[in-house]
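Just the heavy atoms: all of them, side chains too, but no hydrogens, waters or symmetry mates, feed the values below. Convention: sequence-line order gives letters A, B, ...; per-chain numbering from 1.
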There are 2 protein chains.
Amino acid sequence: MANVLGAKIKELRKQKGLTLEQLAEKIGSGKSYIWEIENKGVKRPSAEKLAAIAKELDVTTDYLIDDAQTEMTDDLEKEVLFRKFGQLESRDKEKIMEMIDSWSKK
Amino acid sequence: MANVLGAKIKELRKQKGLTLEQLAEKIGSGKSYIWEIENKGVKRPSAEKLAAIAKELDVTTDYLIDDAQTEMTDDLEKEVLFRKFGQLESRDKEKIMEMIDSWSKK
DNA sequence: TATATAAGTTCGCTATCTTGAACTTTCTGT
DNA sequence: ACAGAAAGTTCAAGATAGCGAACTTATATA
């Protein structure tokens, strides 16, 4: 079991019903490269590419990189949530935060 | 100012009182490379190296990569927020998640 | 089945990473 | 001021990323 990163990406990609080409285009790379990451394994992929892939697959870059983290657990759900939250406009962020704040005081 | 990544790393490293050599050793790289990231700028550093640096500097890899994200307060706020989130009733959690989910799609 | 189209695979090539060792500058103590 | 140590800087060279374009395999449609 060498290529944990590739396995994660492949699974997440298929879960989203994306082809190599579709994912590749979304992150601005060639489909051949995605294939090599998934199957052949790339030794040290760039943070840039991996971050773009992570964003497209709704996980954090750290989740993709960390070989120890392989299960779709609560932790991952939280990471997904983190990621999406971080991409909201600041006024939406504030509303969410206010909501959590007040509900946590009940 | 081109090299946002380098600036972030340099600042965080100094905040922790680490020299190039100390940080380099902790992440298993040469000090020259850290210096080049910080000063000369490396175009596409590997996710592996960046994740190791991020871990050592107590930030996420995504924070380092995203040029738009330059304020540490964002990350701190998020940590506090999600600690609170974790303590909500599951009913409330779901409502929050739905909200983030739908807002993040615009 | 035959053909077309989409999906996946291979590979050569250039750009970039990343290192180690030598070099220069800055600090520290006497 | 001076020597020695520590921090920072330069660079040549081998290793790897990542692309394009051609190729093969699967899937669909008639």
note: B:Asn39, atom CG; D:dA7, atom C1'; distance rounded to Å ~ 12 Å

Please report, rounded to the nearest Å, how far the P atom of C:dA6 is from the NZ atom of A:Lys14.
18 Å

Please state how far atom CD in B:Gln22 lies from atom P in D:dG8, giving the value in whole angstrom units.
9 Å

Figure out the CG/C1' separation between A:Leu20 and D:dC23, and round it to whole Å.
15 Å

To the nearest Å, give me how far apart CD (B:Glu38) and P (D:dA7) are.
14 Å

Using salt bridge (Lys or Arg N to Asp or Glu O under 4.0 Å) as the criterion, list what pairs up with B:Lys55, not counting sequence neighbours.
none

Side chain to side chain donor-acceptor pair (under 3.5 Å), that's the test. Do B:Thr61 and A:Asp62 meet it? Break it down for me.
CA-CA 6 Å; B:Thr61 304; A:Asp62 288 306; 2.5 Å; yes

Check against side chain to side chain contact (heavy atoms under 4.5 Å, CB included), A:Ile27 and A:Ile34
CA-CA 10 Å; A:Ile27 70 160; A:Ile34 306 287; 3.7 Å; yes

Enclosure of B:Glu25 CD (heavy-atom neighbours >12, cutoff 6.0 Å)
no

In whole angstroms, the gap separating C1' of C:dC27 from CD of B:Glu21 amounts to 15 Å

Examine D:dA7: is either OP1 or OP2 under 4.0 Å from a nitrogen or oxygen in the side chain of B:Arg13? Give yes or no.
no

Heavy-atom protein contacts under 4.0 Å, nucleotides 16-24 of chain C, coded B base, S sugar-phosphate only, - none
SSBBBB---

Expressed in angstrom and rounded to an integer, what is the separation of A:Leu18 atom CG from C:dG8 atom C1'?
15 Å

Spacing of CG belonging to B:Leu23 relative to CG belonging to B:Leu12, to within rounding of 0.5 Å:
10.0 Å

Side-chain donor-acceptor pairs of residues 38-45 of chain B under 3.5 Å, sequence neighbours excluded:
residue, atom, partner, partner atom, Å
B:Glu38, OE1, B:Arg13, NH2, 2.9
B:Glu38, OE2, B:Arg13, NE, 2.7
B:Asn39, OD1, B:Lys10, NZ, 2.8
B:Asn39, ND2, B:Trp35, O, 3.0

Given atom CD of B:Glu25 and atom C1' of D:dA6, what is their separation to the nearest angstrom?
14 Å

